[in-house]
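Only one structure is covered here, and it is reproduced in the block below.
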Amino acid sequence: MHLSHPKTPTAHASHLEFHKLRTLPSRSFIYSYATLSALTATLLVVLILGLLAYQSGSAIFEANDSLLGSVWSPAKNQYGILPMLYGSLIVMVLAMGLALPIGILTALYISETRSETVRRLSKTMLEILAGIPSIVYGLIGVAFLSLWVADIFYLQTGRVILTASLLLAIMILPTIITLTEDAFSNVATPYRENAYALGLYRFEVIKEVILPQAKGDVIGAAFLALGRALGETMAVMLVIGSLDRIPTPAYNILSSAQTITSKLGREIAESAFGSTHFNVLVLMSLILVVITLSLTGLAHILFKSAGSND
Amino acid sequence: MISRSTQNTIFTGLTCAAFFICTGLLCGLIITIIFKGLPALSLSFLFSPAQDFGASGGILYQILGTLLMVIVAAIFVVPIALGSAIYSSEYLRSHRKKRILELSLLALNGVPSITFGLFGLILFVNILGTGISWMVGSIILAIMMVPTTTLSTLQSMQSLPMTYRENGYALGFNRSQVIRYIVIPQGLQGLVTGLLIGLARAIGETAPIMFIATAFSGVTVPISVVEPVSTLPTHILSLTQQATNPDALKNAWGASLVLIILVFIISLSAFYARSKLKNLSQRV
Amino acid sequence: MTKQNAIISLSCSLIALICISCSAPNHVSVSGSTTVLPTVSKAAESFKMETGQTIIVNAGGSGAGFNQLGEGQTDIGMMSRDITQDELDRFPNLNFKIIPIGTDAVVPVVSSEIYAAGIRTLSFKDLDAIYSGTVDNWSAFGGPDKAILVIDKEASSGTRHTFMEIVMGDKNALAPGADLVLGANNEEQTALAQSDSAIGMLSHAWMNADVIGLSIKQNGVLIDPTLENIRSGVFPITRDLNLIIRSDIRPEAQAFIDYMLSAEGQKHVANSGYVEKRP
């Protein structure tokens with residue numbers, strides 16, 4: 001996108017002049033305003049992380065013994081965060097396990113077997129799906145999904161891990177499909193044409209050519225979706241059952257549990273600002289942010305390296 | 001060993017099934033919301049205040065509260081997004097610094113929404129002592145919208161060919177004038193698109209505002225900035241919790257439909273703005 | 001460019017407008033217990049009609065109500081229990097005043113299917129066994145052979161404090177038998193109605209055809225959860241519904257407190273299904 005016009009001497013001069021102008025110290029109003037905005041925008045995330053770390057610092061000392069336990073009872077100075085960590089983890093993994101295969105297969109269908117019209121239509125539909133606010137998913141979860149899950153598995157209550165995972169899976173599907181579909185479509189056409197010319201079936205083309213090429217992006221999309229799933233609050237909070245306990249046995253996905261986000265959503269308003277209770281909640285939030293940001297970071301690293309392969 | 005063609009057929013069947021599961025899910029969701037929501041919708045539902053904790057009456061103040069909060073959030077986010085984009089596109093020459101700005105915006109975008117609520121609760125409601133107020137909600141939603149808006153603005157500013165800027169200098173413009181008369185008008189398109197995408201997300205958010213900006217009942221149009229409001233998402237939350245009361249449930253679906261219609265209107269505007277943007281760069 | 005200038009000047013004037021209106025709040029805010037909330041909300045509506053004063057009511061639970069009052073975020077806290085020593089210690093420099101506006105009972109409630117199957121009464125010992133997890137089937141009490149869905153409430157809930165203190169002897173007792181933990185009364189009522197084998201603890205005012213209160217068996221006598229029994233103090237699990245204020249209360253908020261205690265305000269207490277303090 002750099003200079004596209006013919007390199008006449010005058011154009012060259014203006015180019016030089018231009019760069020000189022760029023390096024001139026500028027003290028204009030626009031410069032100070034732009035610098036200030038950029039600083040603000042950059043520092044916001046630092047400010048958020050810093051404030052959370054500052055607020056939760058004391059929690060580690062005040063609740064040291066109990067933090068890594070599994071009993072949560074602020075009135076008795078017990079602040080075990082393991083049940084919440086476990087709940088977040090299992091809900092996230094299960095949602096991913098449900099959404100990833102369906103998402104990838106759908107993306108393959110859209111990118112490999114159909115026309116541009118179907119592709120555009122699907123993309124629009126996905127944006128609609130992604131636009132439904134999470135509280136509406138929560139309503140659907142409480143009014144339908146939890147009742148269905150209870151009926152199907154003969155449970156006493158449908159507010160269980162599986163219900164939350166199913167809802168989350170639906171919520172992260174658009175992210176997975178959109179990103180993986182982009183990855184598949186980005187595989188250069190000549191590769192595909194060569195493979196087909198060799199007489200390979202579509203399945204073989206996808207398995208041998210498309211998937212290996214798009215691997216980085218697909219894994220990146222999965223990490224990004226994991227981050228989304230981990231941070232989702234409202235829908236999970238309404239259907240998870242909010243029981244601060246690791247289910248027995250631990251893989252029992254038909255029992256109630258608690259995630260970090262649902263714990264925060266339910267208890268922040270109840271805890272007094274500055275109390276150990278509050279600080280431990282902030283600490284959980286900090287853990288949540290750190291994990292989410294690591295996942296997002298990993299995703300972008302994978303996107304980048306996948307991009308440089310081309 | 002399954003033959004190659006059978007493998008292919010199975011695989012094609014699987015992708016086909018996955019696609020139709022997804023389509024079915026989407027259609028099911030939309031149809032459910034529309035069919036459940038339509039019976040509750042009426043002019044009096046839209047334009048009368050909630051009564052009996054939302055089980056009767058309408059959602060007038062919830063709509064007003066939601067609109068007030070996101071519109072003010074948009075007003076907050078515009079100067080910051082525009083300024084950061086100008087800085088990165090016109091003043092920053094080091095690629096490393098550009099990358100730092102971009103990465104911190106991506107990180108901000110990845111922060112879970114409930115964390116923004118906690119941040120607002122600590123910083124504004126407690127440390128700065130604002131109390132529960134819609135303005136704090138607007139500020140927090142604005143922070144959430146910064147990454148999308150800035151990146152979109154930046155993208156459209158960077159798509160402006162160098163020759164445009166050079167032509168400006170050739171006309172005797174100084175740096176500020178080039179930015180003001182050439183770069184910003186081009187960036188505005190991206191700004192609007194990014195802003196609308198951000199708004200479509202912000203308008204449906206519950207977790208960031210439920211501790212810091214909203215109240216349960218008794219709210220009307222706020223007179224000062226330190227008052228809470230009621231919003232559609234938080235109203236749906238409190239109605240969802242009384243899901244066995246059929247009147248409350250019906251109104252919850254009604255409010256959800258209204259919220260989703262608002263989201264769609266904003267998303268459609270974003271599509272429109274984006275297509276205009278495309279046209280412009282094609283013209284270049 | 002005029003468009004751009006217009007946007008800039010518009011945003012400037014809006015921000016200016018906002019700053020001007022950034023005066024002290026003139027509304028009274030009340031927040032806390034979801035048990036006290038319906039009464040206060042209804043009273044607030046009629047108070048506004050009479051005086052024009054806006055009262056903003058917010059949920060959150062008893063614990064939240066107290067904390068927000070201590071932190072100065074609300075004028076009046078609603079609590080369906082007493083203030084604990086631990087809570088008082090958080091704000092050593094403040095003076096709080098408790099104003100009871102009504103009496104309520106916490107009733108062990110079951111899904112209508114269980115009630116229909118013949119479970120009409122439980123003793124404190126039975127309830128203790130259910131919540132501590134030693135009994136997990138309705139057949140132990142002569143009911144159907146169905147596992148019990150034990151619904152607990154969030155830890156700082158006033159309903160939970162009252163129930164646990166009287167039934168298990170410790171207001172912060174853990175409930176290892178719980179299957180589900182919920183917050184607001186509405187939410188718990190919904191879960192009870194959606195299930196066909198649940199037990200929970202609910203304020204007297206939330207009982208309905210799907211969610212039925214049990215009698216308490218004490219010393220061989222059955223005590224029904226009726227208004228008469230609550231009024232006379234015979235029903236064993238009762239508590240006061242309180243408004244909490246600070247000594248530095250604003251006159252607008254005090255006016256609302258006075259209204260709640262007036263004959264007019266007490267009508268709302270009775271209409272919500274509680275026993276009024278001033279009959």
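Every value quoted in this text rests on a predicted model; they were computed, and no experiment measured them. Numbered from 1 within each chain, the chains take letters A, B, ... in sequence-line order.
If you measure heavy-atom distances from B:Ile10 to chain A, you find no contacts under 4.5 Å at all. Using a 4.5 Å cut-off between heavy atoms, A:Ala143 contacts chain B through its side chain alone, with no backbone atom that close. Proximity to chain A is absent for every atom of B:Ile266, based on heavy atoms less than 4.5 angstrom apart. Both the backbone and the side chain of A:Met125 come within contact range of chain B, judged by heavy atoms closer than 4.5 Å. Within the 4.5 angstrom heavy-atom criterion, only side-chain atoms of B:Ile33, from C-beta onward, approach chain A. With a threshold of 4.5 angstrom between heavy atoms, A:Thr35 approaches chain B through its backbone and through its side chain. With a 4.5 Å cut-off on non-hydrogen atoms, A:Leu238 touches chain B through its side chain but not through its backbone. Contact annotation for A:Leu264: both backbone and side-chain heavy atoms come within less than 4.5 Å of a heavy atom of chain B. Of the atoms belonging to B:Leu26, heavy atoms from both backbone and side chain fall under 4.5 Å from chain A. For A:Ile104, no part lies under 4.5 angstrom from a heavy atom of chain B. Both the backbone and the side chain of A:Thr261 come within contact range of chain B, judged by heavy atoms closer than 4.5 Å. For B:Ser88, no part lies near chain A; criterion is any non-hydrogen pair under 4.5 Å. Using a 4.5 Å cut-off between heavy atoms, A:Leu49 makes no contact with chain B at all. Both the backbone and the side chain of A:Ile140 come within less than 4.5 Å of a heavy atom of chain B. Contact of A:Ile102 with chain B is made through backbone and side chain together, with heavy-atom distances under 4.5 Å. Both the backbone and the side chain of B:Ile80 come within contact range of chain A, with heavy atoms under 4.5 Å apart. Residue A:Glu127 touches chain B through its side chain alone, counting heavy-atom pairs closer than 4.5 Å. Both the backbone and the side chain of A:Val282 come within less than 4.5 Å of a heavy atom of chain B. At a 4.5 Å heavy-atom cutoff, B:Glu102 makes no contact with chain A through either its backbone or its side chain. Heavy atoms of A:Leu286 lying under 4.5 Å from chain B are absent altogether.
The number of heavy-atom neighbours closer than 6.0 Å to CZ of B:Arg201, taken from other residues, nucleotides and ligands shown, is above 12. Annotation for B:Phe35: atom CZ does not count as buried by contact number, only 12 or fewer foreign heavy atoms lying within 6.0 Å. Atom CZ of A:Arg120 is surrounded by 12 or fewer heavy atoms from other residues, nucleotides or ligands within 6.0 Å. More than 12 heavy-atom neighbours from other residues, nucleotides or ligands sit within 6.0 angstrom of OH on A:Tyr196. For A:Lys123, the NZ atom sits in a packed shell: over 12 heavy atoms of surrounding residues, nucleotides or ligands are nearer than 6.0 Å.
Inter-residue side-chain proximity for B:Phe19 and A:Ser122 is flagged as met; some heavy-atom pair is nearer than 4.5 Å. Contact check for B:Ile122 versus A:Phe273: side-chain heavy atoms found under the 4.5 Å cut-off. Using a 4.5 Å heavy-atom threshold, the side chains of A:Val142 and B:Gln241 count as separate. The side-chain heavy atoms of A:Ile268 and B:Leu118, taken from C-beta on, include a pair separated by under 4.5 Å. A 4.5 Å side-chain heavy-atom check between A:Ile132 and B:Ile30 finds at least one atom pair inside the cut-off. Side-chain contact between A:Leu51 and B:Ile127 is present, with heavy atoms from C-beta onward closer than 4.5 Å. Within the 4.5 Å cutoff, the side chain of A:Leu36 has no heavy atoms near those of the B:Tyr87 side chain.
Atom CG in B:Leu237 sits 5.5 Å away from atom CE in A:Met237 (nearest 0.5 Å). Separating the OG1 atom in B:Thr32 from the CZ atom in A:Phe144 is a distance of 6.0 Å, to the nearest 0.5 Å. Distance check: B:Ile21 CD1 to A:Ile170 CD1 gives 11.0 Å after rounding to the nearest 0.5 Å. Going from atom CG of A:Leu47 over to atom CZ of B:Phe119 covers 4.0 Å, rounded to the nearest 0.5 Å. Annotation: the span from B:Met210 atom CE to A:Ile135 atom CD1 amounts to 8.5 Å, rounded to 0.5 Å. Residue B:Thr6 holds its OG1 atom at 8.0 Å from OH of A:Tyr201, rounded to the nearest 0.5 Å.
Of the listed residues (B:Gly204, B:Ser5, B:Ala243), the one with the most heavy-atom contacts under 4.5 Å to chain A is B:Ser5. The candidate with the highest count of non-hydrogen atom pairs below 4.5 Å against chain B, out of A:Gln55, A:Arg202, A:Glu204, is A:Glu204. Heavy-atom pairs under 4.5 Å with chain B were tallied for A:Leu139, A:Leu295, A:Val45; the largest tally goes to A:Leu139. Of the residues considered (A:Leu126, A:Thr106, A:Leu108, A:Ile128), A:Thr106 shows the highest number of contacts with chain B, using heavy-atom pairs under 4.5 Å. Put simply, of B:Ala207, B:Gly83, B:Ala200, B:Gly110, the one with the most heavy-atom pairs under 4.5 Å next to chain A is B:Gly83. When B:Asn126, B:Leu239, B:Ile86, B:Val111 are compared by the number of non-hydrogen pairs under 4.5 Å with chain A, B:Asn126 comes out ahead.
Of all the heavy atoms in B:Ser84 and A:Ala41, the pair that sits closest is OG-CB, 3.5 Å. Closest of all the heavy-atom pairs between B:Asn8 and A:Phe203 is OD1-N, 2.8 Å. Residue B:Ser113 comes nearest to A:Thr233 through the heavy atom pair OG-OG1, 4.5 Å, listed as atom of the first residue, atom of the second, then distance. The shortest non-hydrogen separation linking A:Gly265 to B:Phe211 is O-CE2, 3.6 Å.
Contact residues of residues 254-264 of chain B toward chain A are B:Ser256, B:Leu259, B:Ile260, B:Val263, B:Phe264 (heavy-atom distance under 4.5 Å).
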Test log, rule side-chain contact (heavy atoms from CB on, under 4.5 Å), inputs B:Ile114 and A:Leu288: CA-CA 10 Å; B:Ile114 187 135; A:Leu288 180 75; 4.3 Å; yes
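Within the 3.5 Å criterion, the main-chain N or O of B:Pro79 finds a donor-acceptor partner in the side chain of A:Tyr33.
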